[in-house]
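Accompanying notes for the structure given below.
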Amino acid sequence: MKTIFLAVLCLFSTFLLSAQDDEGTWDAYMAAYEDDNPGSTILRMDLIEKAPLKEYSKLLITGVTYKSNREDGFPDKEMLQTLYEINDKLEALLKKHFEIIYVGSFTYNYERLGYYYIKSDKNLEKKLQKFYKKNYPGFKSQITIKEDIEWKAYTEFLYPSEEILGYMYNKKVVKALYDAGDLLTEKRRIDHWLWFHDETKLKECISELEQLGYTIEGYKKVEERENLYSIQIWKNGLPDMENISAETSSLQVLAKKYDGEYDGWETIVVKK
């Protein structure tokens, strides 16, 4: 179970993320799990709109336990190269003999596991055992094959929580500002958007937002959707990760209080 998200994606997450093929939209995040030990997840984000694909009803979880000098359980630089090689060769083998969808990987406590949905698992375990024995006899391998018609491993385990999704979005926007030459040290207007299904609750939320110092830019009914309203608010602030993460988390909680949903933020680039 994911308990908290960590503030920095580690080096190996970035490295392995860049190793994915061009199919789909990939991203990565870190979270703390049992005993607050960190784990890293790399996954195809775009499949959340399609899952489950019922014809791919079998789930394969496979990977290796590795050795590392790092105390946090993540691979060191040398092991990174080996894990990349294993992933590359394993995916090539599976694509050659089976119809698969590679949805992501999970690295935790000196173990890296890949998650694949497949149509048929005939002779799968035998081929994987042969693969590991021939190519990586020095590694302890894991092979788990089970039914997952609802794709719960993807939607409930690999896919990030709302809190982590918010952090990932914040990180991308802040990075875009910084890459544009913004040092993030000057306060400026930051706009936010929220959605509500009940106009009465929306107005109640507006009252609380005003007490928190937000200016209400306006709200409107979304014509294409029944009982859906959007609201734009803004307040001056710093768009660095510490401040914007605290602010967006607070707005997420506030929106939920009134059965609404927080929908992101934007601001201008400020250069000295």
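The figures that follow rest on heavy atoms only: side chains count, while hydrogens, waters and symmetry mates do not. The model shown is predicted, which means the values in this text are computed figures rather than measured ones.
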Can you tell if the side chain of [X] reaches within under 4.5 Å of the side chain of [Y], non-hydrogen atoms only?
X: Glu266; Y: Val173; answer: no
X: Ser40; Y: Phe106; answer: no
X: Gln142; Y: Leu113; answer: yes
X: Lys54; Y: Glu150; answer: yes
X: Asp198; Y: Asp259; answer: no

Which is it for Glu125 and Lys130 under the salt bridge (charged side-chain N to carboxylate O under 4.0 Å, His left out) test, yes or no, and what are the steps along the way?
CA-CA 9 Å; Glu125 186 169 3; Lys130 183 178 179 180; over 6 Å; no

I'd like to know if [X] and [Y] make a salt bridge, using a cut-off of under 4.0 Å between side-chain N and carboxylate O.
X: Lys152; Y: Glu147; value: no
X: Lys146; Y: Asp148; value: no
X: Glu186; Y: Lys271; value: no

Give the minimum heavy-atom separation between Lys235 and Gly213, together with the two atoms involved.
CD-O, 3.5 Å

Please name the pair of heavy atoms, one in Leu93 and one in Lys127, separated by the smallest distance, quoted to 0.1 Å.
CD2-O, 4.3 Å

Please confirm whether Tyr159 and Tyr29 have ring centers closer than 6.0 angstrom.
no

State yes or no: are the ring centers of Tyr117 and Trp151 separated by less than 6.0 Å?
yes

Please confirm whether Lys201 makes a cation-pi placement over Phe196, using NZ or CZ under 6.0 Å from the six-membered ring centre and within 45° of the ring normal.
no

Give a yes/no verdict on a cation-pi contact between Lys119 and Tyr56, requiring under 6.0 Å between NZ or CZ and the six-membered ring centre and an angle within 45° of the axis.
yes

Do the rings of Tyr33 and Tyr108 sit parallel, tilted or perpendicular, given the 30° and 60° boundaries?
perpendicular

Parallel, tilted or perpendicular: which describes the rings of Tyr214 and His192, with under 30° parallel and over 60° perpendicular?
perpendicular

Is there a path of hydrophobic side-chain contacts, each under 4.5 Å between heavy atoms of I, L, V, M, F, W or Y residues, that connects Ile244 with Ile268?
no

Consider side chain to side chain contact (heavy atoms under 4.5 Å, CB included). Of Asp121, Thr144, Leu94, which one does Leu60 pass it with?
Leu94

Does the side chain of Tyr219 come under 3.5 Å of the side chain of Glu199 through a donor N or O and an acceptor N or O?
yes

Assess, by modelled atom type and distance only, whether the side chains of Arg44 and Thr25 contain a donor and an acceptor separated by less than 3.5 Å.
no

